[in-house]
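Basis for what follows: all heavy atoms, side chains included, without hydrogens, waters or symmetry-related copies. Throughout, a chain's letter reflects where its sequence line sits, starting with A, and its residues are numbered from 1.
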Protein chains: 2
Amino acid sequence: MTEQKKSGGRPRDAEAAGAIKSATLKLLREHGYAKVTIAAIANEANVARQTLYNRWNTKADLVLDAIFEETGHYAAAPTDDPNLTCQLQLERFLMQIFAHLSESGAPIRALIAAAQDDDAFRDVFKTKFVKPREKMVTDLLKRAQNKGEIAQGRDISMLSIFVHGAFWYALLGGDPVDDDLAKSIVGEVFHPAQT
Amino acid sequence: MTEQKKSGGRPRDAEAAGAIKSATLKLLREHGYAKVTIAAIANEANVARQTLYNRWNTKADLVLDAIFEETGHYAAAPTDDPNLTCQLQLERFLMQIFAHLSESGAPIRALIAAAQDDDAFRDVFKTKFVKPREKMVTDLLKRAQNKGEIAQGRDISMLSIFVHGAFWYALLGGDPVDDDLAKSIVGEVFHPAQT
DNA sequence: AGTGTTTGTAGACTGCGGTCTATCAATATA
DNA sequence: TATATTGATAGACCGCAGTCTACAAACACT
C-alpha cells in the first residue's frame, strides 16, 4: 500500500508543499477563489508552476488540500459528554462548524462549485469533507434517540440530511450561516411541536 | 421603465434567440455543461459568437435561460385541491420536480456551480429559480398548518428549508433524487414520530 | 438619397487553467 | 566516477471564455 520509489532520484523540496499551501490560503483570503491564479500562487511561493502541478492535479485540488489542512482541526468529533443533552451537543457542534464556515465560506463554496463538473474531485471532496461530518451528526442523533431525546420512530438518516441540507442551502444561497441558524435547525429537529 | 430605443437601428434577428437556446439545450444534453463551448453553440445555431454575447453575458446566463424556458412549465404552483391532503400535494409536487431534475440535473448542478463565483448570476438564479419554488413549498406548508396537518408550533420556514436543503444536498452530492426521496422527506416533515 | 443608430459577422486579442518539452539539479546504486 | 531516476525550472503551447475592433446590413427619420 505504501508508495514505492524505484530508486533514488532527486527528493522533493520539503518546504515547497507548505509554502504553496500557505501562499494559497493567503491569496485566497486576499482575493477570493476566482481571482487567485495558479501563476500568482506559484509566484508567491517562489516556485515554478509545474512544481505545483507535480503535487496537485487542479486548482480545486490544491485549494481543497489547503483549506482542509486548517479546517481539520475544527472538525473534531464531539465526544459524548453525559452532562450535556445531545441537543446541546449538536447545537454547539453546529455553531463551531458555522463559525468556521463564515471565515472560509467563500472558498468552500467555490470548492462545491468545482465539485460539480469534476467527478473525481467530487469523490475526494465527499470523502474528505462531507462524509465525516455527516457521520458525526448521524452518530450524535443516534445517541439522542437511544437516550430518548428523539422519538424512536423518527428517521435518523433523514434528520441528518435535514441538518446538513439546511446549512448547505443557506451556504449556497448566500444566506447567513450563524448561531441563530444552528439553534433553529436543532430546535426543529429535536422538538417538533406536537399535533 | 420600458426600454426605449433612441431611434431605428437594425432589428434583432427574430429567430436567433430561439435557435441559440435550442442549440444550447441540444448540445447540453449530448455533451454536458463543461464540454459545451460557446463556439459550438454559435456554430450549431448558425450565428456569430458575438451575437450570442449580445443577448447573454455569460455561458451560465445562457444556459440558465435555456433551461429555465423548458423548466418553467414544470414549476406550475400546485393549486389547492381540497380533495387531497396537503401532504399528498407536496409529495406529488416534489416528485414532479425531482422527475424533471433527473433529466436536467447535470446542467442545473453546473448552474449552481456557476452561481458560486458570480454574485450577479447568483441573484438571477435565486430570483428565477430558487425563490419561486421556495415560496410554493412554504405556501403549501402554511395551508397544511392551517388545516391542522402540521402542528401549530412548528417553524414553517425552517421546514421549508429542510425540504429544499434535503434535495439540494442529494443533488449536489450526486445521490439519487427520486420518488423515494420525495416520500421520505414529506413523511418526516408531516409525521415526526411522537415522543 | 443621406444620416444616424443598432445589429450581425469575422477575426484578432487577452487571460487563465492545464499540458508538454527540454534542460538542469539532486539523490541512490553500481 | 558513471548511470539511472526523480524533481525543479523555464517557457512554449492548447483550448476556451470573454472582449474589442472594423465593417457590412437593416432599420427610422429627414
Side-chain angles (χ1 to χ4, degrees), chain A residues 3-20 23-24 27-28 31-66 107 110-111 113-118 120-121, chain B residues 2-20 23-24 27-28 31-66 107 110-111 113-121:
Chain A
E3 283 299 327
Q4 277 284 50
K5 293 188 184 182
K6 289 284 168 64
S7 113
R10 176 172 176 171
R12 287 196 163 182
D13 184 332
E15 301 182 8
I20 293 172
T24 303
L27 295 180
L28 219 48
H31 310 293
Y33 184 91
K35 287 191 174 178
V36 173
T37 69
I38 294 283
I41 295 175
N43 189 52
E44 175 81 21
N46 285 313
V47 150
R49 236 157 31 110
Q50 185 57 39
T51 300
L52 203 147
Y53 282 107
N54 282 344
R55 291 172 165 77
W56 297 275
N57 290 322
T58 65
K59 181 179 172 183
D61 271 323
L62 166 58
V63 172
L64 172 62
D65 213 17
L111 290 180
Q116 296 314 310
D117 33 45
D118 183 339
F121 181 76
Chain B
T2 47
E3 284 298 327
Q4 277 285 48
K5 294 188 183 184
K6 291 284 168 65
S7 114
R10 177 172 175 170
R12 288 196 163 183
D13 184 331
E15 301 183 7
I20 292 172
T24 303
L27 295 181
L28 219 48
H31 309 294
Y33 184 91
K35 287 191 173 178
V36 173
T37 69
I38 294 283
I41 294 175
N43 189 52
E44 174 81 21
N46 285 313
V47 151
R49 250 179 43 245
Q50 186 58 39
T51 299
L52 202 148
Y53 281 107
N54 282 344
R55 291 174 164 78
W56 296 276
N57 290 322
T58 65
K59 181 179 171 181
D61 271 324
L62 166 57
V63 171
L64 172 62
D65 214 17
L111 290 180
Q116 296 315 307
D117 34 46
D118 182 340
D119 292 344
F121 181 75

Report, one pair per line, the protein and nucleotides 22-24 of chain C atoms (nitrogen or oxygen only) whose separation is under 3.5 Å.
none

Contact list (N/O, under 3.5 angstrom) for nucleotides 17-20 of chain C vs protein:
| from | atom 1 | to | atom 2 | distance (Å) |
| --- | --- | --- | --- | --- |
| C/dG17 | OP1 | A/Val36 | O | 3.4 |
| C/dG17 | OP1 | A/Lys59 | NZ | 3.4 |
| C/dG17 | OP2 | A/Ile38 | N | 3.1 |
| C/dG18 | OP2 | A/Lys59 | N | 2.9 |
| C/dG18 | N7 | A/Arg49 | NH1 | 3.3 |
| C/dG18 | O6 | A/Arg49 | NH2 | 3.1 |
| C/dT19 | O4 | A/Arg49 | NH2 | 3.4 |
| C/dC20 | N4 | A/Gln50 | OE1 | 2.6 |

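Residue B/Thr51 places at least one side-chain N or O under 4.0 Å from the OP1 or OP2 atom of C/dT9.
Atom CG in B/Asn46 sits roughly 10 Å away from atom P in C/dA10 (whole-Å rounding). With rounding to whole Å, B/Lys35 atom NZ is found 14 Å from D/dA17 atom P. The interatomic distance linking B/Asn43 (CG) with C/dT9 (P) rounds to 12 Å, in whole Å. Between A/Leu52 atom CG and D/dA10 atom P the separation is 14 Å, expressed in whole Å. In this entry the distance linking CZ of B/Arg12 with P of C/dT5 reads 18 Å, nearest Å. Taking atom CG of residue A/Asn54 and atom P of nucleotide D/dT5, one finds them 18 Å apart after rounding to whole Å. Nucleotide C/dT7 holds its P atom 18 Å from the CD atom of B/Glu15, rounded to whole Å.
Closest approach of A/Pro107 and A/Leu28 over heavy atoms only: CB-CD2, 3.9 Å. What you find for B/Ala16 and B/Val47 is that their closest heavy atoms are CB-CG2, 4.5 Å.
The NZ atom of A/Lys35 sits 12.5 Å away from atom OG1 of A/Thr37, with the distance rounded to the nearest 0.5 Å. Expressed to the nearest 0.5 Å, how far CG of A/Asn54 lies from CG of A/Asp13 amounts to 11.5 Å.
When side chains are defined from C-beta on, B/Thr24 counts as touching B/Ile20, because their heavy atoms get closer than 4.5 Å. Two residues are said to be in side-chain contact when any heavy atoms from C-beta on lie closer than 4.5 Å; B/Arg12 and B/Arg55 meet this criterion. In this structure, A/Phe121 and A/Leu64 have side chains that are in contact, with non-hydrogen atoms separated by less than 4.5 Å.
For B/Lys59 and B/Tyr53, the positive end is not near the middle of the six-membered ring at less than 6.0 Å and at most 45° from its axis.
By the neighbour-count criterion of 12 heavy atoms within 6.0 Å, atom CD of B/Glu15 is sparsely surrounded, having that number or fewer from other residues, nucleotides or ligands.
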